[in-house]
Amino acid sequence: MDMSQYRDLFLTETREHINNLNKLVVTLEQEPDNRETIDALFREAHSIKGMAATMGFDRTAKLSHHLEDLLDEFRSSGQIPSTAIDYLLSGIDILDGLLDDLQSNQPEREIEAFLRETPEQQPVMVAKEVENLPQESLLAVDDEEECVHSEDEVSEPETLAVDAEAPGEAEDDTASEEEPLPEEPDAYQVLVDLAEDTPAAAARGILILRELEKSGELISSRPDVTALRGGAPCQQIQAWLRTTLAKGHIEEALLKISGVAKVRFIDDRRKEEHRSRDEGARTIRVRTDLLDQFVNLTGELITHRHMLNTATTSRNWDDLTQTLSQTSRLLDDLHHHVLQARLMPLESITGRLPRIVRDLSRKTDKKVTLQLTGAEVGIDRAVLEELTDPLVHLVRNAIDHGIEQEGIVTVSARREKDLVLVEVADDGKGMDADQLRQKAVDRGLMTTPQANNLSDRDALMLVCQPGFSTAEAITETSGRGVGMDVVKAAVGNLGGTLEILSAPGQGTRFQMRLPLSISIIKILLVSCAGHPMAIPITRVQRTLDLPTSEIQSSGQKRVFSIDEEVISLYSLNDALGLPEVAAGETTWVILTEVQGRRIGLQVDHFLGQREAFVKSLGFPLNLLTGLSGATVEGDGQIVFIVDPSSLLEDRQLFTND
């Protein structure tokens with residue numbers, strides 16, 4: 001019997017069992033005589049053994065059988081010795097590695113050395129050996145492939161069958177003799193922004209290009225070296241680079257050059273699209289009652305199609321109008337159920353957090369308790385996939401720099417209308433807004449008057465600046481600001497917002513407000529120089545019909561007052577490079593948030609709200625900063641969806657002045 005068709009199903013379900021093993025072992029460490037937990041561990045290992053043996057994955061089956069026998073002994077005694085915890089976790093890590101081998105069509109790795117050991121021979125694996133492990137090994141959820149699997153790891157274990165690749169090459173024992181292939185260089189665009197009024201900007205640009213040449217193959221740049229040597233103006237370097245170096249390494253080197261304010265990377269979507277075509281279809285589990293709803297709705301739509309044909313043929317316009325109204329309600333119902341099918345519980349990406357917290361606690365010699373609430377809250381699978389890395393960054397930061405010696409890290413989720421609020425909180429020492437202001441001044445990010453004008457909320461958001469940290473010395477694990485720019489960028493790319501709440505001695509809370517779905521969203525349609533543009537409703541705090549007379553000039557800026565707050569006003573036409581339209585007696589303004597501050601965004605007119613199906617932009621439109629996608633109107637017109645935050649930051653129209 002050909003078992004290759006069940007390969008992907010095996011990998012998905014075994015990942016689930018491994019996640020469960022990790023959580024159960026961490027629970028058992030706290031309650032070593034919990035018989036129910038020991039029984040559950042035994043069942044998980046037994047399930048892996050049976051599936052691996054059926055698929056013919058001998059080493060995976062042999063290792064899981066070994067763990068099953070060990071757990072059977074503990075079942076007989078009714079408790080598990082403390083020395084066995086690290087041994088079990090080591091075995092689980094090897095199981096995880098075996099799955100990685102199978103996933104990449106490589107031979108299963110050797111396990112004999114582990115099988116020869118006993119729990120007594122490995123008393124403190126995590127405490128000692130974890131210090132020598134690379135960060136990627138410790139935090140397996142950071143791995144991109146793991147991210148893909150975690151989004152599929154929910155629901156009933158007996159559902160679903162999937163298409164898969166035949167494991168022919170993976171069965172070939174001769175492959176283990178081969179050297180691993182060198183890592184393929186990645187090509188991406190590097191955008192390097194210089195600070196305003198940087199002296200000798202062209203010379204700085206040449207230094208930037210030389211640094212990029214050291215990092216790999218510099219494919220092209222704008223402006224190029226010839227133009228820079230001729231004294232061409234240089235506010236931003238746009239370069240295409242092919243390299244095997246990590247982006248963080250390149251960014252760190254570039255930020256050391258005097259005058260460099262910001263470094264960003266844009267992946268080559270052409271490569272991603274080609275890769276996505278080569279990948280097998282990903283899977284998701286759907287409840288059978290939801291499938292029944294799809295069948296019923298499809299039947300209703302077919303019936304209404306016939307009703308529409310009949311009404312059109314007979315020219316019965318009353319029946320046509322009524323049937324169209326009913327069809328619209330059916331489509332709304334279908335939309336709701338499709339979104340329900342894409343929703344997955346938050347716990348599908350929090351399954352590894354107990355293990356991560358346990359290992360990092362021992363590594364930092366702290367006593368940290370993890371609390372998870374709202375793990376059942378459903379979020380779109382695409383959102384969850386992008387949320388995995390930010391969640392791990394925040395938990396690591398909380399342990400390393402939030403908790404001092406003993407404390408609680410809480411990961412929670414709850415619904416807020418059309419959004420979901422995901423919060424990572426700790427009860428540690430908190431952050432001091434005054435200290436952050438001073439560090440910003442010391443690093444030359446702003447002047448003292450500018451820092452003093454920052455609200456506490458704005459000051460806390462400074463940790464999202466690349467490389468900005470509250471730690472005196474950044475550890476190998478994390479630092480407030482190390483990765484926080486990644487968190488903020490990821491949340492922003494999802495159409496969400498990040499807020500930080502903290503005070504000295506009162507802990508820190510990172511709140512991520514995210515849309516439930518990023519494929520079908522609510523948008524505000526506006527007119528800019530005769531062109532319809534769309535802004536996600538999640539980016540709109542408020543809309544204003546502002547009397548033009550209330551807009552004042554303050555230096556080179558325009559401002560207006562609302563709720564006793566002075567707000568800067570920017571033009572969306574200007575940001576998009578469109579001609580300005582003279583304002584009449586009324587100015588239409590959108591209140592939004594950029595870099596943690598409320599601003600006003602002027603448009604020509606409001607055209608209304610509606611739901612829209614968002615299509616991603618292909619190359620080269622995906623390289624345009626500030627456009628997050630597009631939708632198609634009923635008349636066939638394409639409407640671009642604008643991300644105000646990234647648009648204004650990219651055009652350098654927004655500063656902390």
Side-chain angles (χ1 to χ4, degrees), residues 189 191-196 222 233 235-238 261-262 264 266 458 461 488-489 491-493 495-497 521 523-546 548 551-560 562 566-584 586-607 612 614 617 620-631 638-657:
Q189 189 179 33
L191 304 180
V192 185
D193 295 328
L194 294 175
E196 292 186 6
R222 191 177 65 184
Q235 192 62 43
Q236 182 188 72
I237 294 289
Q238 300 179 10
K262 187 176 183 180
R264 287 168 293 151
I266 300 176
D458 295 340
M461 292 301 296
K488 182 176 179 292
V491 173
N493 290 339
T497 60
I521 64 173
I523 59 173
L524 172 65
L525 286 170
V526 300
S527 175
C528 295
H531 299 279
M533 307 297 292
I535 298 176
I537 288 295
T538 54
R539 293 293 196 188
V540 179
Q541 294 184 350
R542 188 172 170 184
T543 58
L544 302 171
D545 298 339
L546 193 69
T548 304
I551 300 175
Q552 307 294 326
S553 295
S554 176
Q556 297 182 348
K557 297 191 305 179
R558 295 184 300 157
V559 299
F560 63 95
I562 185 171
V566 177
I567 296 177
S568 298
L569 181 64
Y570 299 89
S571 168
L572 183 57
N573 289 30
D574 184 27
L576 293 171
L578 298 174
E580 293 286 354
V581 175
T586 302
T587 298
W588 285 268
V589 177
I590 298 170
L591 275 187
T592 185
E593 186 176 284
V594 178
Q595 295 182 356
R597 293 174 57 183
R598 285 211 301 176
I599 68 161
L601 200 59
Q602 179 184 344
V603 299
D604 296 343
H605 292 286
F606 297 137
L607 302 179
V614 180
L617 299 175
L621 293 178
N622 63 308
L623 301 179
L624 296 175
T625 306
L627 299 182
S628 58
T631 186
I638 296 175
V639 177
F640 289 104
I641 297 173
V642 176
D643 177 11
S645 179
S646 60
L647 179 67
L648 294 182
E649 290 177 3
D650 181 65
R651 298 297 187 272
Q652 298 185 343
L653 299 178
F654 179 82
T655 60
N656 282 321
D657 50 3

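What's counted below: heavy atoms across the whole structure, side chains too, no hydrogens, waters or symmetry copies.
Within the 4.5 Å cutoff, no side-chain heavy atoms of V642 are placed close to those of V526. Residues L621 and L627 fail the side-chain proximity criterion, which asks for heavy atoms closer than 4.5 Å. For the pair L569 and I567, the minimum side-chain heavy-atom distance is 4.5 Å or more. Counting only heavy atoms from C-beta outward, the side chains of R539 and T497 approach each other to under 4.5 Å. Two residues are said to be in side-chain contact when any heavy atoms from C-beta on lie closer than 4.5 Å; F560 and V589 meet this criterion.
Atom CG in L191 sits 9.5 Å away from atom CZ in R222 (nearest 0.5 Å). Once rounded to the nearest 0.5 Å, the distance linking CE of M533 with CG of L572 reads 6.5 Å. Here L578 contributes atom CG and C528 contributes atom SG; the two are 6.5 Å apart, rounded to the nearest 0.5 Å. To the nearest 0.5 Å, atoms CG (D574) and CG (L601) are separated by 10.5 Å. Note that CD of Q541 and OG1 of T592 are 6.0 Å apart. Values are rounded to the nearest 0.5 Å. A distance of 3.5 Å separates CD1 in I551 from OG1 in T587, rounded to the nearest 0.5 Å.
In terms of heavy atoms, A630 sits closest to I638 at CB-CG2, 4.0 Å. Nearest heavy atom pair, residue T548 against residue G584, reads OG1-O, 2.7 Å. For the pair A261 and A195, the tightest heavy-atom approach, listed with the atom from each and the gap, is CB-N, 3.8 Å. Heavy-atom minimum distance, D604 versus G530: OD2-N, 4.3 Å. Among all heavy-atom pairs drawn from V639 and P532, the shortest one is CG1-O, 3.6 Å.
Remark: I537 engages K522, L524, Q609 in a side-chain contact (heavy atoms from CB on, under 4.5 Å) (not counting sequence neighbours). Partners of V614 according to the side-chain contact (heavy atoms from CB on, under 4.5 Å) rule, which considers only residues two or more places apart in sequence or in another chain, are I521, I641. By the side-chain contact (heavy atoms from CB on, under 4.5 Å) test, R542 pairs with L544, I562, D563, L591, sequence neighbours left out.
In this structure, a donor-acceptor pair under 3.5 Å is present between the side chains of E580 and S571.
A donor-acceptor contact shorter than 3.5 Å links the side chain of N573 to the backbone of P579.
Ring-plane geometry between H605 and W588 is classed as tilted, the angle between the planes lying from 30 to 60 degrees on a 0 to 90 degree scale.
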